Amino acid sequence: MQERFTRRHFLGTAVGAGLGLGLSAKGRAGEPRVSVCNPLRRTPLSLIIDDSCPVINKAYYWIKQRHDWRLKHEPNSPPDGWEVHYDKLDKMPNAIPAAFAAEWGEWCGEQGVRGKFSMVPFPAGVGRIDQGFPGFPEQELKDWLRVTKEIIWKNFDLTPEMLTHTRVVDLKTWKLTEQWEQGEWVDPPVDLLTEYITTAMQLLKNVGIACDGVTSPGAFGKRKEIAYARAVLDAALAVNNNPRPFYFLNMEMEKMPDVPLRHVEKAKGIAIASIIGCGGDWFGATGYDTSNPDLFIAADLQAGRLPAVLAKECPAILVGHWPCFYVNDRIGFKVLKEVKKRLDAYDPDKTKTIWMKNSEIGRYWMARELSDLSVNGAECRISTKFPTDNFTLAFRDRAAKRVQVNGTDLRLVQSQRDFRSGTFFVAGKETFAAFDLKAGDTTLLTT
Ligand SMILES: [Zn+2]
């Protein structure tokens with residue numbers, strides 16, 4: 001039963017083809033071959049924070065509610081999931097201060113760390129984010145909302161992690177049921193799913209947060225992943241008119257992670273990206289779980305999961321649970337600082353990696369895989385409904401002296417170090433060009 005809540009440590013469906021190398025177009029013999037590279041020829045890094053809530057420490061309530069539930073329904077079963085830490089509840093605060101969220105968010109901003117940060121809209125059923133948390137100072141929720149919107153949102157997508165992250169809510173009464181979002185709803189009732197997700201997004205919308213996607217609590221939706229992805233896309237369209245959202249459900253612990261795209265309607269510019277974490281939460285989860293920077297990246301900068309994924313130029317998406325960054329003497333925050341230091345040492349001149357939000361990764365992969373490319377002599381045409389920043393092309397067998405995008409010159413730079421959107425550079429027989437790809441038709445001239 002221990003397995004029950006240890007979420008997405010496997011992939012239920014095959015990931016997309018290959019390593020997401022995406023599009024390429026080959027012209028007639030002797031013409032340059034064009035392909036889409038990673039953004040700015042750098043491998044995406046991203047930090048996913050789960051279980052972050054306004055005000056409360058979700059781990060504290062999860063453990064308490066799970067313990068009560070088990071005694072009521074399965075008194076002879078052993079504790080499962082985080083409930084094994086029931087004996088440490090007196091050491092765990094039931095709230096995490098907004099002041100700490102501000103400090104954490106400012107540190108990430110200074111360090112250039114980007115990713116996704118959950119905002120559970122009705123966390124543990126304690127209070128609705130748009131109505132207040134009975135028993136907690138009103139000002140704390142206000143401060144939490146200010147910090148999340150003004151500091152954290154700059155660098156992180158904000159997503160719901162369903163409604164409570166503990167028990168399922170009955171939307172007619174707003175009472176908690178006996179089912180669990182990450183228990184029974186791993187195999188969710190499809191007819192209720194869209195309304196449930198729409199409600200989660202709407203609660204965030206009510207406090208001024210138009211989310212770019214959702215996070216599954218545990219393996220929520222896993223057994224009906226395709227229907228779940230559809231429901232997220234429908235909810236994103238309905239609440240935020242967002243045709244290109246993402247969801248985070250899966251982890252890939254051994255194979256190389258990809259960015260699968262689902263429910264693609266190419267002509268309409270509609271799709272949803274599945275963002276896949278590449279390793280375990282080695283920050284410490286509740287604050288009392290595995291906490292070890294070496295599992296991400298060892299001091300020698302070679303061992304660990306991140307160097308293996310980065311070596312293959314696949315998106316390296318780290319996953320951590322919010323409580324550990326504060327609880328137990330900020331054990332997870334210390335690990336994050338060490339991991340970031342090592343990642344900086346791994347890529348000292350910032351030529352190999354690029355920190356991105358989850359939504360930016362999703363949209364880049366859509367542009368890469370769902371745009372039409374054609375080459376005719378010196379001209380390369382791109383037609384797309386999937387815009388993205390930092391769109392990066394490689395022209396093999398062509399050392400260009402000049403690159404123009406829709407008639408405007410890209411600036412020539414001398415090396416990868418200076419390679420940005422709006423520039424190009426030449427390495428041997430190859431030319432690399434980067435620019436912000438707009439929806440519609442784009443013409444590149446390489447001469
Ligand atoms: Zn979670």
Side-chain angles (χ1 to χ4, degrees), residues 47-65 82 85-86 88-111 113-161 163-166 203-204 206-209 211 215 217 281 283-289 291 318-340:
L47 173 62
I48 279 178
I49 301 295
D50 282 358
D51 296 28
S52 28
C53 303
V55 184
I56 71 157
N57 174 8
K58 198 223 76 177
Y60 177 91
Y61 287 92
W62 195 100
I63 292 166
K64 225 167 171 313
Q65 289 180 9
W82 287 359
H85 298 304
Y86 186 73
K88 302 181 196 79
L89 264 193
D90 57 344
K91 290 192 251 177
M92 290 185 192
N94 70 342
I96 297 179
F100 175 74
E103 181 188 333
W104 184 92
E106 269 158 11
W107 181 87
C108 288
E110 285 158 16
Q111 292 285 320
V113 172
R114 292 164 78 78
K116 184 275 315 179
F117 190 85
S118 286
M119 280 295 268
V120 185
F122 187 38
V126 172
R128 275 174 53 156
I129 194 170
D130 58 344
Q131 292 179 351
F133 290 64
F136 292 88
E138 243 181 88
Q139 191 59 38
E140 252 316 275
L141 177 57
K142 282 188 187 148
D143 287 347
W144 253 99
L145 290 176
R146 183 182 50 76
V147 166
T148 339
K149 288 197 273 184
E150 290 177 10
I151 300 172
I152 297 176
W153 207 359
K154 278 184 201 149
N155 300 303
F156 291 81
D157 296 307
L158 301 176
T159 73
E161 195 164 336
L163 275 162
T164 69
H165 204 315
T166 59
L203 261 54
L204 292 192
N206 294 350
V207 295
I209 298 169
C211 65
T215 301
D281 176 357
F283 294 105
T286 59
Y288 296 94
D289 298 283
S291 179
L318 296 71
V319 179
H321 291 80
W322 177 242
C324 71
F325 292 88
Y326 179 71
V327 174
N328 194 9
D329 205 17
R330 303 177 168 203
I331 189 165
F333 202 7
K334 288 172 192 161
V335 172
L336 175 60
K337 286 175 177 174
E338 185 60 30
V339 168
K340 178 59 171 47

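All values derive from a computational prediction rather than experimental measurement.
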Applying side chain to side chain contact (heavy atoms under 4.5 Å, CB included), run through I129 and L204 and close with a yes or a no. CA-CA 7 Å; I129 194 170; L204 292 192; 3.8 Å; yes
Verdict with supporting geometry, V113 and F156, side chain to side chain contact (heavy atoms under 4.5 Å, CB included): CA-CA 9 Å; V113 172; F156 291 81; 4.1 Å; yes
Minimal non-hydrogen separation, P323 against I96, with atom names: CA-CD1, 3.9 Å
Are W62 and H321 close enough that their ring centres sit under 6.0 Å apart? no
Run the ring-centre check on F133 versus W144 and record whether the distance is less than 6.0 Å. no
Output yes when R114 and D157 qualify as a salt bridge under the 4.0 Å nitrogen-oxygen rule, no when they do not. no
Within a radius of less than 6.0 Å around NZ of K64, do more than 12 heavy atoms belonging to other residues, nucleotides or ligands occur? no
Test ring-ring contact (aromatic ring centres under 6.0 Å, His included) applied to Y60 - qualifying residues, sequence neighbours left out: none
Within a reach of under 6.0 Å around CD of E138, are more than 12 heavy atoms found that belong to other residues, nucleotides or ligands? no
Exam field: side chain T159 to backbone S118, donor-acceptor pair closer than 3.5 Å: no
Taking the side chain from E106 and the backbone from I151, do they hold a donor-acceptor pair closer than 3.5 Å? no
Would you please indicate if the ring centroids of W153 and F117 are separated by under 6.0 Å? no
Using 4.0 Å as the upper bound for N to carboxylate O, is an ion pair formed by D50 and K58? no
Using the side-chain contact (heavy atoms from CB on, under 4.5 Å) definition, which of the options D51, N57, I56 pairs with C53? I56
Hey, does the side chain of D329 reach the backbone of I331 with a donor-acceptor pair shorter than 3.5 angstrom? no
From I49 CD1 over to W104 CH2, what is the distance, rounded to the nearest 0.5 angstrom? 4.0 Å
Is K340 reaching over with its side chain to a backbone N or O of Q111, donor-acceptor style, under 3.5 angstrom? yes
